[in-house]
4 protein chains.
Amino acid sequence: MQAKKRSIPSLVKDPKLVQKRREQIVEAAVGLFISKGFHKTTTREIAKASGFSIGTLYEYIQSKEDVLYLVCESIHTEVEKKMEQALVESNNGAETLRQAISDFLHVMDEVDDKVLLIYQEIKSLPREPMRYVLQRESRITEIFEEMLQRAINDGSLRLDSHSIRLMAHNIVILGEMWVFRRWALRQRYSLAEYIEMQTNLLFGGLRVEA
Amino acid sequence: MQAKKRSIPSLVKDPKLVQKRREQIVEAAVGLFISKGFHKTTTREIAKASGFSIGTLYEYIQSKEDVLYLVCESIHTEVEKKMEQALVESNNGAETLRQAISDFLHVMDEVDDKVLLIYQEIKSLPREPMRYVLQRESRITEIFEEMLQRAINDGSLRLDSHSIRLMAHNIVILGEMWVFRRWALRQRYSLAEYIEMQTNLLFGGLRVEA
Amino acid sequence: MQAKKRSIPSLVKDPKLVQKRREQIVEAAVGLFISKGFHKTTTREIAKASGFSIGTLYEYIQSKEDVLYLVCESIHTEVEKKMEQALVESNNGAETLRQAISDFLHVMDEVDDKVLLIYQEIKSLPREPMRYVLQRESRITEIFEEMLQRAINDGSLRLDSHSIRLMAHNIVILGEMWVFRRWALRQRYSLAEYIEMQTNLLFGGLRVEA
Amino acid sequence: MQAKKRSIPSLVKDPKLVQKRREQIVEAAVGLFISKGFHKTTTREIAKASGFSIGTLYEYIQSKEDVLYLVCESIHTEVEKKMEQALVESNNGAETLRQAISDFLHVMDEVDDKVLLIYQEIKSLPREPMRYVLQRESRITEIFEEMLQRAINDGSLRLDSHSIRLMAHNIVILGEMWVFRRWALRQRYSLAEYIEMQTNLLFGGLRVEA
DNA sequence: AATGAATGAGCGTTCATTCAT
DNA sequence: TATGAATGAACGCTCATTCAT
């Protein structure tokens, strides 16, 4: 049951223009949503910050929720693009994974407000768009699943196959934790420290005495 | 800089009655907030679901945000109470911790919607109440810090002291992950499985080949 | 067409108690009405300032407007009592009048806030109570009419009879002017100066060159 | 410390339209405020009587009090315009003054309800707007001060300079008296009579027997 | 394609009044 | 006689959305 990318209808025909205007909308809305939240941001504010009138805004969207959807999508695209740029193949799967985790956490650190935004406002999305956004979220997990699998395959990592999915989630959660608990974590650890410690824990684990 | 528990003023003088009515309000509001979100729930709906009129609702609160605060507080109290009931001393610190993690995850599983609610709506709280709620959240992490410390002290666990705090966060995150990613995790793992696997990872870690 | 003193029904039988409680109500309400206005004062505030509960308040009045009526009546009674105490017979009618004007202005100076209150809130009274209050207001004018008449009769003042009523109004207006325009007048004149100048004008008039 | 004319912000940009709509608002609100008072008039009533919806009303004002301010300003403008039209230069200062008083009283007679409205509701205005309205009120007094001064200068009137301000107030009060005490005065005197008698008193004064 | 004035349902909140105790 | 909890109609105001220009 695949939730499909919803293409939001626009009254304007020229697709180039539609894309340009929607970029303006997203650019304006992200900042507003982050600082005031979705519900406390008005469509007038979005229009104004986008640089055009309320009427024009509604030429490119059908409802305020569409803006939230566009924003979420844009954030995911941004994260994915940043991840793509960061990911490089290393000696072996385990090394590649270790590097990818580090990259991922750096990306999350850069877009922390935006990730928070998605988590806090996603429920304001209508059913289907919400499912699509969650699905996209899953893609990131899958990337790590694939990496884990490759590392297992090339023998650089040992992990039973039933735990792969869980471990992938754990990795992603590392990023979300850095975002969600920043008020507590950043007082104590730098990003570099956090990455090192979490990676060590992940690869080493606690040692229980025999 | 300790954020203090805010006692919300009431027009009604009898403290017993105030408590009873506020319990009704919280009981009604939790369900509404979970299913529709704070912003889409109206005060009239809260009043009606509480079993009294809008006028009466405002005898016991000063603003809609007070209801959210009451709800958050009630959830924390519930979690803490459940945790207290669950926690028992075992043979050694490591065992106690292992059991506590299991208990904690069971509690989170029971109150998952409520935990989600707090995370999604906390930003709608005014500054001070928000700080208080976050602080209360921290208490849970501290509990696990103390447990880790005891397990280290009695020799049943080995962990460098700089990582204690982080490890405590990781444990709490385990619970939040189960709540936040339930749409993905519950398709694949039962709670029991999840607990077992995560605990093993925590205590064993991944094994990287030499 | 005489508007009659409206006796406000009370649920309480003991007339002594009714009077006592109503005095408390008036005492409390006058200050509130002066500082916040009738509409912005709540019945709860009146009850609290009166020293009893909202329920008790409604044992002694039937509506919020009754409180305004009681307040207006009390103010009139106070003004009349003060006037009675001040008025003394002098050598002749003109002297008595001159003294009475001075007394009247002193009284108005003392109760200025209350006079202002009546003028600003009287329209909030229901039809009949309003008429009664206005009628009572007229009594003051009549007092000066009578004085003017006596001064004319004893030959100490010359004024055509058709102007008596008007002149009485003019005198009363002197007091109201001191109250209404205090923001402008008191910057420039002391009460004593004001009295002297106005009395001179009244008794002397402008001299137009022949 | 000059209280400045407050220009009320509007969401609508076209100034011509803003002016037109605000005229509609004032036209509608004056009548409502006069008959029911400011507090008992609802914003919906104002909108309806203005011929548009509540939403549209709030495109042109920011709060209900803005309407009151607009109304007060409009009334002052109306009075000033009528005064300007009426005022003509006569033979000498005293004659001009006499005519101006008559004109002023005619104007006050025409707008009596509106003057009453200002006096009864001015206290509902926020601090600064209130100061501005009172200041505008003062302008009328100043006009008469100037006239008195001119009449003194050209020798057509004799009055010590310290009394000029007071006399100007007395003249203005004549108008207010006609408005405030109409319930008593109009039963007895026509406007023409009132003007003649008051002017005579002003210019002649009472004669006290030697 | 762009504008922005107009709409009105709906919101959070207040408060005069009632009535069971 | 005194209380104060309960009521709900009514308020001022907002804002997503529409549509004539």
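Note that this is a predicted model, so its numbers are computed, not measured. Chain identifiers are assigned alphabetically (A, B, ...) following the order of the sequence lines, protein sequences preceding nucleic acid strands; residue numbering begins at 1 within each chain.
Atom-to-atom, CD of Glu45(A) to P of dT17(F) comes out at 15 Å; the value is rounded to the nearest Å. Following rounding to the nearest Å, Lys48(B) (NZ) and dA6(F) (P) show an atom-to-atom distance of 19 Å. Atom-to-atom, CG of Leu11(A) to C1' of dT17(F) comes out at 12 Å; the value is rounded to the nearest Å. Separating the OH atom of Tyr58(C) from the P atom of dT21(E) is a distance of 22 Å, rounded to the nearest angstrom. What separates CG of Leu32(C) from P of dA16(E) is a distance of 12 Å, to the nearest Å. Rounded to an integer number of Å, the gap from Leu57(D) CG to dA6(E) P is 11 Å. Residue Glu59(D) contributes atom CD, which lies 18 Å from atom P of dG12(F) at whole-angstrom precision. dG12(F) atom P lies 8 Å from atom CZ of Phe38(D), rounded to whole Å.
Ranking dC13(F), dA10(F), dA16(F) by closeness to the Thr43(A) side chain, first place goes to dA16(F). Checking dA6(E), dA2(E), dA16(E) against the side-chain heavy atoms of Tyr60(A) singles out dA2(E) as nearest. In this structure, the nucleotide among dG4(E), dG12(E), dA2(F) sitting nearest to the side chain of Ser53(A) is dG4(E). In the set dT7(E), dT3(F), dA5(F), the nucleotide with an atom closest to the side chain of Phe52(C) is dT3(F).
Under the 4.0 Å criterion applied to side-chain N and carboxylate O atoms, Glu65(A) and Arg127(A) are not assigned as salt-bridge partners. Ion pairing of Lys36(B) with Glu45(B) is present here, as a side-chain N (NZ or NE/NH1/NH2) and a carboxylate O approach within less than 4.0 Å. Under the 4.0 Å criterion applied to side-chain N and carboxylate O atoms, Lys16(D) and Glu23(D) are not assigned as salt-bridge partners. Between Glu59(D) and Lys13(D), no side-chain nitrogen of the basic residue sits less than 4.0 Å from a carboxylate oxygen of the acidic one, so the salt-bridge criterion is not met.
A cation-pi arrangement, defined by a distance under 6.0 Å to the six-membered ring centre and an angle within 45 degrees of its axis, is absent between Lys64(B) and Tyr58(B).
Each of Gly55(D) and Glu65(C) has a nearest nucleotide on DNA chain E; the 5'-most of these lies closest to Gly55(D). Judged by closest nucleotide on DNA chain E, Asp14(D) is the one of Asp14(D) and Thr41(C) placed further toward the 5' end. Along DNA chain F, the nucleotide nearest Ile54(A) and the nucleotide nearest Ile61(D) are compared for position; the residue whose nucleotide lies closer to the 5' end is Ile61(D). The nearest heavy atom of DNA chain F to Val12(C) and to Ser63(D) marks one nucleotide each, and the one closer to the 5' end goes with Val12(C).
Nucleotide dA16(E) has dT7(F) as its partner under the Watson-Crick or G-U criteria, with both atom distances under 3.5 Å. For dG10(E), the paired nucleotide is dC13(F), the pair qualifying as Watson-Crick or G-U wobble because both relevant distances are below 3.5 Å. Checking dT21(F) for Watson-Crick or G-U wobble geometry (two distances, each under 3.5 Å) identifies dA2(E) as its partner.
Not one N or O on the side chain of Ser50(D) forms a donor-acceptor pair closer than 3.5 Å with the backbone of Phe52(D).
Among the atoms of the strands shown, only primed sugar atoms or phosphate atoms (P, OP1, OP2) are found under 4.0 Å from some heavy atom of Thr42(B).
Under 4.0 angstrom from either OP1 or OP2 of dT7(F) there lies at least one side-chain N or O belonging to Thr56(B).
With hydrogens and angles ignored, no donor-acceptor pair closer than 3.5 Å exists between the side chain of Arg44(C) and the base of dT14(E).
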